[in-house]
Structures are given as structure tokens and as C-alpha cells.
Amino acid sequence: MYKKSSSIGTIVVKSLGIYFEKLPMFLKYLAIPVLLQILGAVIIGAGMFFIAGGNYIPAVIIITAGIVLLCNAIWKYLIKMGGLILISNHIIENEPLRELDYYTKTFENRGGYVAYLLISGFLIPLIPVCIGAAGAAYAGAMGDKSLLVLSMLISIGILVIMCPFLLVTIQSFALSPNLTPWESIVKGMKLSGKNYLPSWGILILYTIAAIIIMGLIAIFAKMVCVGAGLPKGSADIITQIFSQFFIPYWALCFTWWYLRIEKENRTYGR
């Protein structure tokens, strides 16, 4: 299935087809962390109900338990993200799939995930944020609103420019267990940087496809809520729940893209 010459359009379209073909497997794989997130949110909501009734001690206990459960569920979900990359790698390379727990345990054994998340999800994006904050502070001291707007636009612009560079760093991290978190991030950024404009292309096409699918899910959620007589906010909750099951499409798309540009780099970098 994987071809070095696969166009970005082919990757986006065929990844969507694979996603729907293997949707039952993906739903099974992600069900527990998603359901635990829902349970954690419900428990926190029950704690807020106790606060409204003036029962603060049980409220604190219940809310704390809900927060612990929610954090644990989110962490499990983050681990599953890495597992989905390993699953996608096997699918794209036409390798037989193993038991789903194998991918979860394999990624759990990949040390440095927290460091990767801190570097790619916090420290690197912090650079443009700091630039914008410094500009905003200077503009505030000078009383120049136009300078404030300019500094914010520059900060946003840098974040946008960086998007393709960070596109496949998690794929690099998950599929390069011999590299440190920082080395895998640098590798992913180099590969994306060498294919900067095509990386923008696949990012845009993926975003368009995701918006269309999520829009259809939102319409379905509203129809269900209207038919069942549920409150208006229920549609947003249902959409949010289903959106978490859409992440395998992300994994398929960008893992395929990573494998393509990595192979091209090996071929032409000799």
C-alpha cells in the first residue's frame, strides 16, 4: 500500500478509506480512555452539584477523585496516540496486525514520552508566545496599540510558520526508538523542513477532510439530541466524544507522510 511516489492527495483520501474500513478496530482500541474521560467529567460534575448544595467536604473528595480519573484517562489516551502510530505503520507497510495491546505496551516501553511532550508541545511553541508577550509588554509601556497588534500578529505568524516543522515529530519519536526525544524531534523537523510546502499541502487537505467529517458528526449529534429531546449543549458533548475517535485518521495520514519523506530522504540523501 505504501509507495514512495504517493501524492499528498492519495495519502489523505486513502487514509480516510482505511480509517472507515478499520473503524470497529479503532473504536475498540480507544473506547476505554474515552469512556474514562466521560466518567471523570461526570464525577466532577457530581462534585459541583454537592458544592451547590453546600456540602463542601464530600464535594472536594468527589471532585478530586474525578480529576485524578480524568488525568489518568487523558494519559491513557496519549499513550494510545503513540500506539495508533505503530498500528498505522503496520497497516501502511502491509504488515500483519498484532493484538492491540501489543502496540500499547510497545509504545509504553518507549522512554521519554513526557520529555517529548514538554519539548514539542510546550517549550518550542513557547518561543513565539514569549516574543508576543515581550512585544505586548513593550507596546503597553509605550501606550502604542498598533504595536501591540503587530506583536501579536508576529507571534501568531511564527506559530503558523512552525506548524509544518512540528508535523511529524511524534511519528519520528514513535518510530525511532533508538533516538532521544530531542533527536527524534530534530529528525522530524528536518524531514518536514525539506518538504515544507508539501507538508503544508497535506496539512491543509487533512484539515479540510477533518472539518467536513466533524461537521457531519455535529449534524448527526444535533439530530440525535432533537429526536431524543436532549438539552442543546448535549450536541456539543456528543460531537466532542466522537471527535476523539477520529484521531486514527490523523495517525494514518501523517504516519504515511512521515514514511514517505523518510524513505525519500534515505534514497536521495545517499
Side-chain angles (χ1 to χ4, degrees), residues 1 8-53 62-63 65-67 69-85 87-88 91-92 97 100 103-104 121 160 163 167 170 200-257:
M1 185 179 299
I8 57 176
T10 298
I11 291 173
V12 171
V13 173
K14 286 195 173 182
S15 293
L16 190 61
I18 296 169
Y19 167 72
F20 283 115
E21 177 187 343
K22 298 189 178 296
L23 185 57
M25 179 189 73
F26 291 135
L27 292 175
K28 177 183 177 182
Y29 189 63
L30 294 172
I32 292 178
V34 172
L35 292 175
L36 286 177
Q37 287 181 56
I38 296 170
L39 179 59
V42 169
I43 292 174
I44 292 172
M48 299 301 293
F49 176 79
F50 276 94
I51 288 179
I62 292 172
I63 291 175
I67 292 173
L69 180 60
L70 184 60
C71 290
N72 180 260
I74 292 173
W75 176 248
K76 288 181 181 294
Y77 188 78
L78 289 172
I79 293 293
K80 296 283 187 177
M81 285 176 59
L84 284 169
I85 293 171
I87 292 172
S88 299
I91 292 173
I92 295 163
L97 289 176
L100 294 178
Y103 301 100
T104 304
V160 171
C163 282
L167 192 63
I170 189 169
W200 262 118
I202 194 169
L203 182 59
I204 291 170
L205 289 178
Y206 165 81
T207 302
I208 291 172
I211 289 173
I212 292 173
I213 298 298
M214 293 311 302
L216 294 174
I217 291 174
I219 292 172
F220 171 76
K222 288 180 180 178
M223 291 174 61
V224 170
C225 290
V226 171
L230 299 174
K232 292 182 179 179
S234 301
D236 294 332
I237 295 173
I238 293 173
T239 302
Q240 178 60 33
I241 292 171
F242 276 96
S243 68
Q244 296 196 64
F245 289 107
F246 197 59
I247 196 172
Y249 177 49
W250 157 84
L252 286 163
C253 243
F254 295 117
T255 301
W256 192 336
W257 176 239

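- Between Ile79 atom CD1 and Leu84 atom CG the span is 11.5 Å, to the nearest 0.5 Å.
- Note: Phe220 and Phe242 have perpendicular aromatic rings, judged against thresholds of 30 and 60 degrees for the angle between ring planes.
- Contact check for Ile217 versus Phe245: no side-chain heavy atoms found under the 4.5 Å cut-off.
- Within 6.0 Å of the CE atom in Met25, the count of heavy atoms belonging to other residues, nucleotides or ligands exceeds 12.
- When side chains are defined from C-beta on, Thr255 does not count as touching Ser15, because their heavy atoms never get closer than 4.5 Å.
- Residues Tyr29 and Ile87 form a side-chain contact, since some pair of their non-hydrogen atoms from C-beta on lies under 4.5 Å apart.
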Determine, stepwise, if the pair Trp256 / Ile8 fulfils side chain to side chain contact (heavy atoms under 4.5 Å, CB included). CA-CA 10 Å; Trp256 192 336; Ile8 57 176; over 6 Å; no
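- Not one N or O on the side chain of Tyr103 forms a donor-acceptor pair closer than 3.5 Å with the backbone of Gly82.
- For the residue pair Ala209 and Val12, the shortest heavy atom distance occurs at CB-CG1, 4.3 Å.
- Taking a 6.0 Å sphere around CG of Leu35, one finds it holds more than 12 heavy atoms contributed by other residues, nucleotides or ligands.
- Ring planes of Phe26 and Tyr19: parallel class, angle under 30° (limits at 30 and 60°).
- Taking CD1 of Ile38 as the start and CD1 of Ile241 as the end, the distance is 3.5 Å to the nearest 0.5 Å.
- Atoms CG and NZ, on Leu252 and Lys22 in that order, are 9.5 Å from each other to the nearest 0.5 Å.
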With a 3.5 Å cut-off and sequence neighbours excluded, list the donor-acceptor pairs that the side chains of residues 71-78 form with protein atoms.
from  : atom 1 : to     : atom 2 : distance (Å)
Tyr77 : OH     : Gln244 : O      : 2.7

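- The shortest distance between side-chain heavy atoms of Phe254 and Tyr206 falls below 4.5 Å.
- Checked against Ile32 for a side chain to side chain contact (heavy atoms under 4.5 Å, CB included), the options Val34, Leu30, Leu36 give a single hit: Leu36.
- Surrounding CE of Met223 are at most 12 heavy atoms belonging to other residues, nucleotides or ligands under 6.0 Å away.
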Audit row: Ile202, Leu167, side chain to side chain contact (heavy atoms under 4.5 Å, CB included) steps and yes/no: CA-CA 10 Å; Ile202 194 169; Leu167 192 63; 4.0 Å; yes
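- For Tyr249 and Phe20, the ring centers are positioned 6.0 Å apart or more.
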CA sep, side-chain torsions, deciding dist, call: Lys222, Ile219, side chain to side chain contact (heavy atoms under 4.5 Å, CB included): CA-CA 5 Å; Lys222 288 180 180 178; Ile219 292 172; 5.8 Å; no
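- For the atom pair Leu69 CG and Ile43 CD1, the distance stands at 5.0 Å (nearest 0.5 Å).
- Atoms CG and CD1, on Leu16 and Ile11 in that order, are 13.5 Å from each other to the nearest 0.5 Å.
- Taking 4.5 Å as the limit, every side-chain heavy atom of Thr104 sits out of range of all side-chain heavy atoms of Leu100.
- Every residue two or more places apart in sequence or in another chain that forms a side-chain hydrogen bond (donor to acceptor under 3.5 Å, both in side chains) with Trp200 is listed here: Tyr196.
- Between the CG atom in Leu205 and the OG1 atom in Thr10 there is a gap of 10.5 Å [rounded to 0.5 Å].
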